[in-house]
Structure formats: structure tokens, C-alpha cells
Amino acid sequence: MSRAAKGEVGRVIRVGLDGALHDSLDPDELERRLLEIGFVEGARVEILHEGLFGRDPIAVKVDDMRVALRRREAEAILITAWQQPDAPGTAPRAVAEDRRS
């Protein structure tokens, strides 16, 4: 989810860094915190706002709740993103995002 842009909407596929080192938190602790916030499998997410400098932090709507995350924390959230429809009645096109690059 760290590469998502303002306006993108999707669903959470998985949360966790799979043992990868993270600069601020233990991977298990980060996963626990994200799950407690509401980033659970199947949750609907929408990127509401991006910070001015480096696009960080991001404001995210998770189901009916709004939270702010650093992009480095959002790296632990794998989502399926949908491109916003161009016209009313147009079905969104699914686009999978891979958080590993």
C-alpha cells in the first residue's frame, strides 16, 4: 500500500513483513498494531490524502475509520487496488500491487 496514490481504493489482502527487517518496529509488533487499527484481510481501504513533502504521511480510510500512516509502515500492507472508474456505471479494473520491489 505504500505506493498507492490519493484516490485509490482497494481491499487488504495481507498484513505483515514476513520477517523482513523494519527500521522502526519489530515486524511482529508492526503487524499486530496494523491489525488492531483495522487493516484486516478484506477491509476496504481508500487513500484520502498525501503529505506535502515526500507524500508522507498518508491518510487512509479503513472501512469507516480514518487513520494516518507513514509510508514505511504501509509497506507491510498488501492490497488489491482498483483504478477509479472514469464514468458513472463503469466497473473498476482490478490492479494487484506487489509491495516487494
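We number each residue from 1, following the sequence as shown.
- The side-chain heavy atoms of Val40 and Leu35, taken from C-beta on, include a pair separated by under 4.5 Å.
- Considering Leu78, Leu69, Leu34 in turn, Leu69 is the only one that fulfils the side chain to side chain contact (heavy atoms under 4.5 Å, CB included) rule with Met1.
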List the atom pairs, donor and acceptor, that lie under 3.5 Å between side-chain atoms in residues 47-60 and the rest of the protein, sequence neighbours left out.
| residue | atom | partner | partner atom | Å |
| --- | --- | --- | --- | --- |
| Glu50 | OE2 | Lys6 | N | 3.4 |
| Glu50 | OE2 | Arg55 | NE | 3.2 |
| Glu50 | OE2 | Arg55 | NH2 | 3.2 |
| Glu50 | OE2 | Arg71 | NH2 | 2.9 |
| Arg55 | NH2 | Ala4 | O | 3.2 |
| Asp56 | OD1 | Arg71 | N | 2.8 |

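- Of all heavy-atom pairs spanning Phe39 and Val15, the tightest one is O-CG2, 2.9 Å.
- With sequence neighbours left out, Arg44 forms a side chain to side chain contact (heavy atoms under 4.5 Å, CB included) with Val9, Arg11, Glu46, Asp63.
- Of all the heavy atoms in Gly38 and Ala43, the pair that sits closest is O-CB, 3.7 Å.
- Using a 4.5 Å heavy-atom cutoff, the side chains of Val12 and Ile77 are in contact.
- A salt bridge links Glu29 with Arg32: the closest approach of a Lys/Arg side-chain nitrogen to an acidic carboxylate oxygen falls below 4.0 angstrom.
- The distance from atom CG of Asp26 to atom CZ of Arg33, rounded to the nearest 0.5 Å, is 10.0 Å.
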